[in-house]
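Chain letters run A, B, ... following the sequence lines, proteins first, then strands; residues in each count from 1.
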Amino acid sequence: MRDKITPRSEDYSEWYTEVIRKAELADYAPVRGCMVIRPYGYELWENVKAGLDRRFKETGHENAYFPLFVPMSFIEKEAQHVEGFAPELAVVTHGGGKKLEDPLVVRPTSETVIGYMYSQWIQSYRDLPVLINQWANVVRWELRTRLFLRTMEFLWQEGHTAHATAEEAQEETLRMLDVYTDFAVNDAAIPVIPGRKSDSEKFPGANASYSIEAMMGDRRALQSGTSHNLGQNFAKAFDIQYQDGNGAQQYCWTTSWGVSTRMVGAIIMAHGDDQGLVLPPRLAPTQVVIVPIYRKDAEQSTVMEAIEKIEAMLGQNIRLKVDRRDEYSPGWKFNEWELKGVPLRIEIGPRDIAKDQVVLARRDMPGRDGKSFVPLAGLADIVPDTLTNIQDNLLGRAIEFRDTNISEPSDYNSLRAAAAQGFARAWWCGEVACEDKIKDDTKATTRCIPLDQPGEGGNCIVCGKSAEEIAIFARAY
RNA sequence: CGGGGCGUAGCGCAGCCCGGUUAGCGCGUCUGCUUUGGGAGCAGAAGGUCGGAGGUUCAAAUCCUCUCGCCCCGACCA
């Protein structure tokens, strides 16, 4: 906390870990691959949750809670699902001092239990659609973990819906992808690319998977949210049937979609700089911090009185913190709040009070550029405006960064170079062989086939055969 | 699971190769005084089963064997 952090350009990975630990977002737990989310990090997550939860409710979803333990036999019911998840399951074999007859799996995701319950609840077309979300923890036995990006246990939300028709399920899948995009862009200020996953990157058990892909500060891709059209796969495995208007039994069409604590990692890596975190105002636990400056006791009381006026002026709508600690110097506090990514800082001392002004310092513009003197009387307007401006600036900056690092190579050699340095957009025929060749040569994988397509066709960047769609290739986390 | 690195005070490390008094240093912590507009200064103090077990030796943080854990790189990663 007290020392400088490793510059981003020098060692991105080290920078990432140091920022998380020094800003007190999270810490390593005594169990390998697990993390403790500390209060500051948890508050950030709570703001992510609030932004998503509001959107879920606005689109007609309800929250519920399903159990942590899943019978092993459930996981085995859907062939692709078990194949995909078997290697990373945590299995409970003993309970109450006895070996269990049937082992229990700690949920890696909840399609199976929820599918089972849906089969009990759904009888008629009148029961549909079922639109449920749960906020929960899940466990996947990951071999290699990184704070927030991939931990053995993580927090997320998983939405699970059941519909009468394939069309409705597809609409829902894309609607939720759109909700994620809206959240990422407007709340997290991360300009994601929504698209469809290639078959090899698809969720085990899905007919089609979609994701939002974000570009991190090191130009690598981070899958930041997924939405799956599960077709009738889980409905058939768990016998989720309804009687239609003609009295015939039909299988439901289901979807699932999720965003996890990985989103916190995305926020850190999309906006952070050498000073530390840079949080978008919409999600920042503290939006404005006030640092008082004084020498003598008399000055202190004058400054504190002025601060009380500012607090009253800014009201309840701004997440405000006054740093009253006496044991640290103003300079020390400036550095600490910058490390913690607080979007806006107000500095106020005797000289300012004499002129009825304060100093505003913007986190998105380090140093003198971000500092300005503003009249105390105008703060009620200026502070909210500046926060909005910072939010917009972060998004604008991230869009510009992403766009300058997406290239459109026209031949395979330039693709190789492009994929090493950022995102590459190129025609792809859809063959796994071509995908694999790119992966072997560049470590870049198919991130997604963007929803936004040029329309006409082209030739596959690898094999030259005709291709209908453009895909994004990049190295991913 | 393969390759590499590291476990010594709350944190970061030195000491180990070449065994030898009471195991050091920086930061932080505590007390006091002076300070406070970009990471304050001085003085004093507290804080250690040297990851664990076994072995060699008159003597082990140091040498040997085993073991546990963590980090990094790779493979893997809905």
Between A9(B) and G15(B) - C1' atom distance, rounded Å: 15 Å
Using a heavy-atom cut-off of 4.0 Å across all strands, would you classify [X] as base, sugar-phosphate, or nothing?
X       : value
Y477(A) : nothing
P108(A) : nothing
E14(A)  : nothing
R345(A) : base
E158(A) : nothing
V291(A) : nothing
K202(A) : sugar-phosphate
G84(A)  : nothing
F373(A) : nothing
K296(A) : nothing

Lys/Arg-Asp/Glu bridge criterion (N-O < 4.0 Å) met for E336(A), R325(A): yes
Do we see a donor-acceptor contact under 3.5 Å between the side chains of [X] and [Y]?
X       : Y       : value
E111(A) : S256(A) : yes
S227(A) : T173(A) : no
Y294(A) : D326(A) : yes
N335(A) : Y328(A) : no
T6(A)   : E14(A)  : no

Phosphate contact (A40(B) OP1 or OP2) by S329(A) side-chain N/O below 4.0 Å: yes
Under-4.0 Å side-chain N/O to phosphate OP1/OP2 contact, R295(A) with U36(B): yes
K321(A) to Y40(A), cation-pi by 6.0 Å centre distance and 45° axis angle: no
Intra- and interstrand pairs of RNA chain B - dot-bracket, Watson-Crick/G-U under 3.5 Å, | marks other strand: ((((((((.[[[[.)....(...]]]].((((((.....)))))).....[[[[[..)....]]]]])))))))....
